[in-house]
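All values below come from the heavy atoms of this structure, side chains included, with hydrogens, waters and symmetry mates left out.
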Amino acid sequence: MSLDGYPGFDCGGILWFQNLTEYPHGVLGSIFPVLMAGLHYTNVQLSFGASSLGKENGLLGLLAKYYKSYLNLMTLPLFFLGYYIPQGSLVYWVTNSSFSIVQQLALKHPASRTMLGLPDKVVPAAARKPEEIDTLETTLESPAKQLKISVENLTPKELIALSVKFLSKGDKERPIPLLQLALNKEPDNINALILMGQTQLQKGLLEEAVEYLECAISKLFLAGHPTEPEAIDLLIVASQWSGVACIRQEKWEEGIAHLERIGNLKEPEEPKSKAHYYDGLVVLASALCNVGRNAEAEKYLRLAAAHNPQYNELLEQLENNDEDFVSDLSSSRRRDY
């Protein structure tokens, strides 16, 4: 249409590209070629960054590596090619590439995937390399002897238990490869996802923590609204820590949305779940108070105080507009997972 002089193409542009049948020229003529090459390179990085092909071994991984290099090298020829393409075609090319980038970024976000009903993307890799996991060993002690075994031979449940043991000793590094191995063996293990999220949160890796915790929440809702006592307890814990991680990033709206999920639940019957439930309400009250929603904060805090009189002091601080109540969520009451 640009080359054949389609009606309106000679005056249908805007800004510096009024005539869509012309080739790029003048002082601003380099804008489209630069955009075309830059958007192509960005799309390649996003596509291969989200793909596991580059991590494959053997011929497939090698081909993927060379193909990515080929596409990267095409950036320079595309830049020069842009000077020999009509501006109407360049408008289409730049628009199409821009939408591709937006689409890839949107489909990588957990909230978008949940809303569209898409499967969860691959859980992010742990800080340590897979080959490091293969060489890890643990020592199981018994009254009679000590037995060294490879963690590769442990079940996901055993790996989680071992991770909890390390975390209880203040070790935040060794649980990461163990939990990643558990997730490699059982990607839908909710306990491993939540514990990984809590571990990342303790390490200050807030974005990674939210990603694991939101992944756990989406899996809990995959089969419908959780009704089993254990699933409800996991939902409460994951929602509470997702909220805390978001709020520590100053993402108050997202954090409160996670915490309000707890407030919308009925009071659990199980003692442990009930304790988690009311702890979550206290964190929710603190978050609401931080954004000036004191009336709602007081409602949730009264529920918690009715269950546990220890919260009465916090309720009095809120009623007296005491600034001590509006504190960092890291100092909020919490219970071990």
Side-chain angles (χ1 to χ4, degrees), residues 1-125 205-208 210-211 214-215 218 246 249-251 253-254:
M1 294 170 71
S2 297
L3 292 173
D4 293 342
Y6 193 83
F9 267 51
D10 58 342
C11 60
I14 57 173
L15 302 175
W16 73 92
F17 51 98
Q18 297 285 340
N19 189 338
L20 300 178
T21 63
E22 292 182 345
Y23 297 97
H25 63 280
V27 178
L28 302 179
S30 298
I31 293 179
F32 273 133
V34 168
L35 283 175
M36 186 172 72
L39 290 171
H40 166 79
Y41 182 80
T42 303
N43 268 306
V44 172
Q45 306 315 306
L46 287 174
S47 299
F48 280 85
S51 174
S52 60
L53 284 176
K55 304 178 182 64
E56 293 284 345
N57 296 322
L59 181 60
L60 183 60
L62 185 63
L63 289 175
K65 180 179 177 181
Y66 283 123
Y67 184 55
K68 181 183 178 182
S69 299
Y70 161 74
L71 292 176
N72 286 337
L73 290 173
M74 283 295 296
T75 303
L76 191 58
L78 283 174
F79 169 73
F80 292 107
L81 183 64
Y83 288 97
Y84 298 93
I85 296 178
Q87 293 183 133
S89 299
L90 291 173
V91 170
Y92 162 76
W93 197 322
V94 168
T95 304
N96 182 64
S97 297
S98 299
F99 270 97
S100 296
I101 291 175
V102 172
Q103 177 184 348
Q104 290 194 69
L105 292 175
L107 292 179
K108 287 174 63 178
H109 196 280
S112 301
R113 301 183 71 83
T114 301
M115 182 177 65
L116 296 173
L118 298 174
D120 293 303
K121 63 181 180 179
V122 179
V123 176
L205 303 174
L206 303 179
E207 292 184 0
E208 290 83 351
V210 171
E211 192 166 0
E214 288 185 342
C215 182
S218 65
C246 287
Q249 299 176 74
E250 300 296 325
K251 298 178 180 178
E253 187 175 346
E254 294 180 32

Could you tell me the separation between the [atom1] atom of [X] and the [atom2] atom of [Y], rounded to the nearest 0.5 Å?
{"X": "Leu206", "Y": "Glu208", "atom1": "CG", "atom2": "CD", "result": "8.0 Å"}
{"X": "Leu46", "Y": "Ile101", "atom1": "CG", "atom2": "CD1", "result": "6.5 Å"}
{"X": "Thr42", "Y": "Leu35", "atom1": "OG1", "atom2": "CG", "result": "10.0 Å"}
{"X": "Phe9", "Y": "Asn19", "atom1": "CZ", "atom2": "CG", "result": "10.5 Å"}

**Request:** Check whether any side-chain N or O of His40 sits under 3.5 Å from a backbone N or O of Leu76 as a donor-acceptor pair, and report yes or no.
**Result:**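 A pair under 3.5 Å: no.
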**Message:** I'd like to know if the side chain of Gln104 reaches the main chain of Ser47, judged simply by a donor and an acceptor atom lying under 3.5 Å from each other, with no hydrogens or angles considered.
**Reply:**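 Checked: pair present.
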Exercise: identify the closest heavy-atom pair between [X] and [Y]:
{"X": "Ser2", "Y": "Gly88", "answer": "OG-CA, 3.6 Å"}
{"X": "Val210", "Y": "Gln249", "answer": "CG2-NE2, 3.6 Å"}
{"X": "Met36", "Y": "Val94", "answer": "N-CG2, 4.3 Å"}
{"X": "Gly29", "Y": "Pro33", "answer": "O-CD, 3.2 Å"}

**Qualifying side chain to side chain donor-acceptor pair (under 3.5 Å) pairs with a residue from residues 73-100, counting only residues at least two apart or across chains** = Ser30-Tyr83
**4.5 Å side-chain heavy-atom contact, Leu20 and Asp10** =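 Heavy-atom side-chain distance check fails, nothing below 4.5 Å.
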**Message:** Taking the side chain as everything from C-beta on, heavy atoms only, tell me whether Tyr6 gets closer than 4.5 Å to Thr21.
**Reply:** no
**Prompt:** With under 30° as parallel and over 60° as perpendicular, where do the rings of Tyr67 and Tyr70 fit, or are they tilted in between?
**Reply:** parallel
**Asked** Are Trp16 and Phe32 close enough, and set up right, to give a side chain to side chain contact (heavy atoms under 4.5 Å, CB included), and what steps lead you there?
**Response** CA-CA 10 Å; Trp16 73 92; Phe32 273 133; 4.0 Å; yes
**Prompt:** Partners of Leu81 by side chain to side chain contact (heavy atoms under 4.5 Å, CB included), sequence neighbours excluded?
**Reply:**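 Scan of Leu81 (side chain to side chain contact (heavy atoms under 4.5 Å, CB included), adjacent residues dropped) gives Leu78, Ile85.
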**Asked** With sequence neighbours left out, what residues match Tyr23 under ring pair (Phe, Tyr, Trp, His ring centres under 6.0 Å)?
**Response** none
